[in-house]
Number of protein chains: 2
Amino acid sequence: MSRASDRAYSAIRNMILSGELPAGAQLGEEALAEMCGVSRTPVREALRRLEADMLVGRTDTQRTFVADWSINDVADAFELRAMLEGRAARRAAERMSDAALARIRNANRALATAIQQPSPDVAGFLEGNREFHAIILEVAGSRRLAALLGTLIEQPVVLRTARHYTREELRRSHAEHEELTAAFARRDGAWAEAIMTSHILRAYHAYADAHRARIDAGMTQEAAE
Amino acid sequence: MSRASDRAYSAIRNMILSGELPAGAQLGEEALAEMCGVSRTPVREALRRLEADMLVGRTDTQRTFVADWSINDVADAFELRAMLEGRAARRAAERMSDAALARIRNANRALATAIQQPSPDVAGFLEGNREFHAIILEVAGSRRLAALLGTLIEQPVVLRTARHYTREELRRSHAEHEELTAAFARRDGAWAEAIMTSHILRAYHAYADAHRARIDAGMTQEAAE
DNA sequence: GACATGGATATTGTATACAAATGCCATCGG
DNA sequence: CCGATGGCATTTGTATACAATATCCATGTC
């Protein structure tokens, strides 16, 4: 992470995810280099990685810009993620060791703690959630699958709406994690896959509902935050 | 494609797929630059792309080498490809226009012609096959899905064994394409998905059988070619 | 003889200069 | 006034020089 190209990648990525660089904005290499305090070479590398993540796009003449995620793109990403994480859960259940199961239970406990605070600890929830899914991906034991999911896990719009989660949504998410853990304990791949697919698609519809609500209220996406 | 980085990408890629650069070989940037007739800058870009394709790997100290695909890696890639192409076929069936259906039928006719030659035209078959799958992916209308499949379609070992296909295998592949076309004509997504998944998995097992036969004969993978 | 150490060698990372291309805008002709 | 054209400004692409880091091998020590 100490390399200039990694710093550039993180910096630009954060600026996109935070909305500091709005969708559609042109990304000049020179300007980004100055912002990141590095030369154009590592910036170019960072931009290529972000392009692979589909966080930035490219015109037919090689101009780079912040990708604009339409509601269809979000639906698309969720659909694929549901399928791939479902497959990961199936494989994980079939390969689950007692040690890994213990780690998953641990991550779930941390998650439960986070949502039981007087005012829910969203950052803690997200971290526990990330850990939970990471362990599953690790146990699934497919580098390919992990690579494919890598580009799908963090979507700009979704991360930005995470802190609007209600306590009820957090509690429900945790309950689904518990059910998944039960499927893992039984080494039931089909069950695990079904729960995981449902888990992701429910999250999608929660997002889509919130999105529609904002539209109906006549608010722009930015103003709603 | 006229850019130096694109030429470097194609050149290195071909050297890997052809086996000229064997699995495990170290890839020095300087040496590759000389081979491709460009400087290190575009070579570095090409290597990053190949890394995303998982055709090359990287040591913990940033040394690049030709990825070594174990039989498990191949199985992994096929399993994911079966799932993703299956999904693509489902989406394509649900979105199929009459014009696109005509194009698919056309690609199939070209494919039929190729395998009916006195001595099967494997190159022609592969091109028709590529076109067929490309149209499906286009009709599926998911840029994400296309991007994910992009890294899965061309596996080194599989391409190298393609020319050993028997006429019977080619004929069977064509028959499956015909059946897929029927599913598209009915706009039956579930049917299309099932055929496509089966199509890919059958191809995998044909490959795995051939691979096992080579092992049993005490031949190395290279010697078998 | 095995292993640690240090420095020479090779390789990768970054900055910068320059080349090529793209976009912009003023000018000109209709 | 509208659109085409040409040249200037900006941006991206490539080469190269240099810096940082890793590898390798010889040497010395136990």
Side-chain angles (χ1 to χ4, degrees), chain A residues 1-16 19-68 143 147 150-151, chain B residues 1-16 19-68 143 147 150-151:
Chain A
M1 181 56 97
S2 68
R3 281 183 170 66
S5 63
D6 292 330
R7 276 182 291 134
Y9 175 78
S10 297
I12 299 169
R13 193 164 174 286
N14 287 337
M15 287 191 281
I16 292 174
E20 186 178 339
L21 289 171
Q26 289 280 348
L27 297 173
E29 296 175 356
E30 194 79 50
L32 292 173
E34 186 144 356
M35 284 187 218
C36 301
V38 298
S39 77
R40 273 180 55 216
T41 308
V43 166
R44 284 173 64 81
E45 229 181 86
L47 286 177
R48 291 297 161 92
R49 285 166 64 187
L50 291 163
E51 194 184 347
D53 295 345
M54 296 187 80
L55 285 177
V56 309
R58 206 169 261 273
T59 68
D60 54 350
T61 65
Q62 307 299 99
R63 255 67 174 177
T64 318
F65 56 91
V66 179
D68 190 4
R143 291 194 355 268
T151 69
Chain B
M1 178 57 94
S2 68
R3 281 183 170 68
S5 63
D6 292 330
R7 277 182 291 135
Y9 175 78
S10 297
I12 299 170
R13 192 164 175 286
N14 287 336
M15 288 191 279
I16 292 173
E20 188 178 339
L21 290 171
Q26 291 280 346
L27 296 173
E29 296 175 356
E30 194 79 50
L32 291 173
E34 185 143 356
M35 284 188 220
C36 302
V38 299
S39 78
R40 274 180 54 217
T41 309
V43 166
R44 285 175 63 83
E45 229 181 85
L47 285 177
R48 290 296 159 88
R49 283 166 65 186
L50 291 164
E51 195 184 347
D53 294 346
M54 295 187 83
L55 285 177
V56 310
R58 208 168 258 273
T59 69
D60 53 349
T61 65
Q62 306 300 101
R63 254 68 174 178
T64 323
F65 57 91
V66 179
D68 190 4
R143 289 194 358 266
T151 69

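Numbered from 1 within each chain, the chains take letters A, B, ... in sequence-line order.
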Open item on the list: Applying a 4.0 Å non-hydrogen cut-off, can you work out what A/Leu27 is touching in the nucleic acid: base, sugar-phosphate, or nothing?
Closed with: sugar-phosphate
Short heteroatom pairs, N/O only, protein and nucleotides 16-19 of chain C, under 3.5 Å:
{"residue": "C/dT16", "atom": "O4", "partner": "A/Thr41", "partner atom": "OG1", "Å": "3.3"}

- [ ] May I ask you to say whether A/Arg13 pairs ionically with A/Asp6, meaning some side-chain N is under 4.0 Å from a carboxylate O?
- [x] no
TODO: Measure the spacing between CG of B/Leu47 and CD of B/Gln62 and express it to the nearest 0.5 Å.
DONE: 11.5 Å
Open item on the list: Does B/Glu51, at its CD atom, have more than 12 non-hydrogen atoms belonging to other residues, nucleotides or ligands within less than 6.0 Å?
Closed with: yes
- [ ] Write down the distance between CD (A/Gln26) and P (C/dG23), rounded to a whole number of angstrom.
- [x] 9 Å
Result block: side-chain N/O donor-acceptor pairs under 3.5 angstrom for residues 34-42 of chain A, not counting sequence neighbours:
{"residue": "A/Ser39", "atom": "OG", "partner": "A/Thr41", "partner atom": "N", "Å": "3.4"}
{"residue": "A/Arg40", "atom": "NE", "partner": "A/Glu29", "partner atom": "OE1", "Å": "3.0"}
{"residue": "A/Arg40", "atom": "NH2", "partner": "A/Glu29", "partner atom": "OE1", "Å": "2.9"}

- [ ] Specify the closest pair of heavy atoms between A/Met54 and B/Ala147, including all atoms of both residues, with the distance to one decimal.
- [x] SD-CB, 4.5 Å
Task: B/Asp53 with B/Arg48: basic N within carboxylate O range, under 4.0 Å - done: no
Open item on the list: Could you tell me how far apart B/Glu30 (CD) and C/dT12 (P) are, to the nearest whole angstrom?
Closed with: 9 Å
TODO: Please name all residues satisfying side chain to side chain contact (heavy atoms under 4.5 Å, CB included) with A/Arg63, sequence neighbours left out, ordered by chain then number.
DONE: A/Gln26, A/Thr59, A/Thr61
Open item on the list: Side chain of A/Arg44 only, heavy atoms from C-beta on: which candidate in D/dT14, C/dT14, C/dG13 is closest?
Closed with: D/dT14
Open item on the list: Judged by each residue's nearest nucleotide on DNA chain C, which is more toward the 5′ side, A/Thr59 or A/Val38?
Closed with: A/Val38
Task: B/Arg7 CZ to C/dA20 P, straight-line distance once rounded to whole Å - done: 13 Å
- [ ] Using a cut-off of strictly less than 4.0 Å, decide whether A/Gln62 has a side-chain nitrogen or oxygen near OP1 or OP2 of D/dG13.
- [x] yes
Task: Any B/Thr61 side-chain nitrogen or oxygen under 4.0 Å from OP1 or OP2 of D/dT21 - done: no
Task: Separation of C/dT22 C1' from A/Asp60 CG (nearest whole Å) - done: 10 Å
TODO: Nearest whole angstrom, please: distance from the P of D/dT12 to the CZ of A/Arg63.
DONE: 6 Å
- [ ] Calculate the interatomic distance between B/Asp6 atom CG and D/dT12 atom P; express it in whole Å.
- [x] 17 Å
- [ ] Would you kindly give the CZ-to-C1' distance between B/Arg48 and C/dT14, to the nearest whole Å?
- [x] 12 Å
Open item on the list: Rounded to whole Å, how long is the line connecting atom CD of A/Glu29 with atom P of C/dA21?
Closed with: 16 Å
